[in-house]
Number of protein chains: 2
Amino acid sequence: MATDEEAPQRPKRLTRAESKARTRELLLDAAAETFARKGYAGASVEEIAESAGFSIGALYSNFGGKQELFLALLESRASDRIAEAAQLIDGRQPDGTAAAGLGKLLIETADEDVAFESLRAEFWLYAVRNPESMATFAERVGESRDALTGVIARLLEGQGRGTDYPLQSISTVVIALFHGLVQLRRIDPGFVSEDLFERTLACLFTEATMTGVQLPGPSAEQSGSGENADD
Amino acid sequence: MATDEEAPQRPKRLTRAESKARTRELLLDAAAETFARKGYAGASVEEIAESAGFSIGALYSNFGGKQELFLALLESRASDRIAEAAQLIDGRQPDGTAAAGLGKLLIETADEDVAFESLRAEFWLYAVRNPESMATFAERVGESRDALTGVIARLLEGQGRGTDYPLQSISTVVIALFHGLVQLRRIDPGFVSEDLFERTLACLFTEATMTGVQLPGPSAEQSGSGENADD
DNA sequence: GTCTATATTTTGATAGAC
DNA sequence: GTCTATCAAAATATAGAC
């Protein structure tokens with residue numbers, strides 16, 4: 001008989017590496033939930049580990065520590081759902097469907113997925129306080145903005161008007177407005193009616209198409225990801 | 001001779017109550033700075049007290065503890081500078097001065113006053129995680145929005161168009177956009193050009209005046225401060 | 001690779017001197 | 001009213017068993 005160190009590559013269960021990778025993912029899931037609920041400083045590694053169904057030792061076996069775990073989360077999970085959702089919308093009818101879809105996304109995010117905006121706020125605060133990690137966060141945000149820019153470009157194209165100059169400015173405004181309104185609606189739903197985002201987007205896009213995209217920012221060019229002024 | 005317990009009401013130096021009030025204010029200042037820099041959970045009462053030039057005991061003599069100190073800060077310092085600035089702008093020329101002034105405020109806030117948006121993020125996260133304090137935060141935000149609404153009303157009035165229906169929606173959008181853009185510019189100044197806010201505001205106001213304020217939200221009415229959906 | 005037990009440090013909060 | 005000294009709890013991180 002061969003020892004069990006030679007052949008068991010078949011899916012008898014899980015490879016050692018696969019098992020470790022799964023543990024890593026479960027720990028990242030638990031970390032996302034716990035950091036969102038308690039904050040970076042307020043969450044303990046013990047709570048994260050237990051919430052994932054593991055011990056502290058398992059966490060330290062997979063990550064260097066609390067900070068490294070948070071940074072791994074920042075790198076792997078800091079992309080913005082507004083860009084993902086916009087890409088799903090991409091290819092739809094060129095009428096108001098897109099704005100309506102984003103409006104619905106905002107209400108769902110504010111009312112149901114409490115963790116999302118909290119975790120993003122934690123990412124932002126951590127990056128502001130630890131400038132060496134800001135580049136990573138900026139990268140993720142930039143990717144999301146670029147994805148959204150592409151969607152908006154095809155959208156305006158479908159409406160038959162200019163798609164050139166300051167589209168990145170438009171997507172920046174959309175992202176800023178999205179997060180700002182999500183936060184305000186969590187403060188008080190009465191502040192942000194269910195159709196406020198959709199209506200504002202319609203206003204922005206109308207102005208964009210009517211003036212040939214003349215609204216925000218043809219003066220100063222937008223770089224893909226500029227330098228940070230922190231460190 | 002009269003004992004020194006009877007007459008010394010004259011401004012020999014500071015009354016006992018005045019001295020205590022001054023200590024309170026200094027502690028609140030230090031708390032604002034420290035909570036902004038380290039976060040609620042990350043800041044220690046020792047650091048706050050020392051930063052104010054007092055001992056831990058003095059802090060506990062003036063506040064019930066860390067949580068009570070933070071809540072006192074939330075109640076006394078959570079108003080929004082965008083509303084204050086708008087009121088300063090109030091009464092100016094009815095041309096683009098207002099939008100330009102707010103645009104300048106955004107760049108200054110993002111680039112120079114790091115603590116402001118960080119502390120607001122801490123207020124938001126604390127209130128999201130401690131729903132019993134959300135009403136207080138919502139009150140401050142509502143006051144700021146109402147102040148801004150008044151300024152916008154007089155502004156549009158000066159431009160000669162409708163000032164009635166959804167002005168609160170407009171100020172809500174302005175506030176959301178302000179904070180969203182401040183956050184994005186701190187992530188990467190290249191994301192938010194210096195005139196993006198001003199241009200977007202001009203777009204919104206133009207649309208507002210041209211359509212007779214038809215843009216956001218004539219369908220759902222906005223209550224002054226509605227109920228929170230948390231507790 | 002994961003768990004249990006523990007060393008070390010730090011924190012919020014309190015007691016008593018002045 | 002403020003300071004100094006200190007307690008008790010909780011946290012990060014590590015060491016060694018399995």
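So that the names make sense, note that chain A is the first sequence line, chain B the second, and so on, each numbered from 1. Keep in mind that this is a model prediction, so the values were computed, not measured.
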inquiry  = Cation-pi check for B:Tyr60 against B:Lys66: NZ or CZ below 6.0 Å from the six-membered ring centre and within 45 degrees of the axis, yes or no?
reply    = no
query = To the nearest Å, how far apart are A:Leu59 CG and D:dA11 P?
reply = 14 Å
query = Between B:Thr23 and D:dT2, is there a side-chain N or O to OP1/OP2 distance below 4.0 Å?
reply = yes
remark   = Tested for salt bridge (Lys or Arg N to Asp or Glu O under 4.0 Å) against B:Asp113, the lone hit among B:Arg81, B:Arg186, B:Arg120 is B:Arg81
request  = Using a cut-off of strictly less than 4.0 Å, decide whether A:Lys66 has a side-chain nitrogen or oxygen near OP1 or OP2 of D:dT12.
outcome  = yes
task = May I have the distance from A:Phe70 (atom CZ) to D:dT12 (atom C1'), rounded to whole angstrom?
result = 17 Å
message = Between B:Gln67 and B:Asn130, is there a side-chain donor-acceptor contact under 3.5 Å, judged purely by atom types and distance?
response = no
note = Rounded to whole Å, the CZ-P distance (A:Phe54 to D:dA13) equals 20 Å
inquiry  = Expressed as a whole number of angstroms, how long is the span from A:Glu46:CD to D:dA10:C1'?
reply    = 9 Å
request  = Write down the distance between CG (A:Asn62) and P (D:dA13), rounded to a whole number of angstrom.
outcome  = 15 Å
request  = Looking only at side-chain atoms of B:Ser55, point me to the closest of D:dT12, C:dT14, D:dC3.
outcome  = D:dC3
ask   = Distance under 6.0 Å and angle within 45° of the ring axis: does A:Lys104 meet both against A:Phe197?
value = no
inquiry  = Within the 4.0 Å heavy-atom criterion, would you say A:Ser61 contacts the bases, only the backbone, or no part of the nucleic acid?
reply    = base
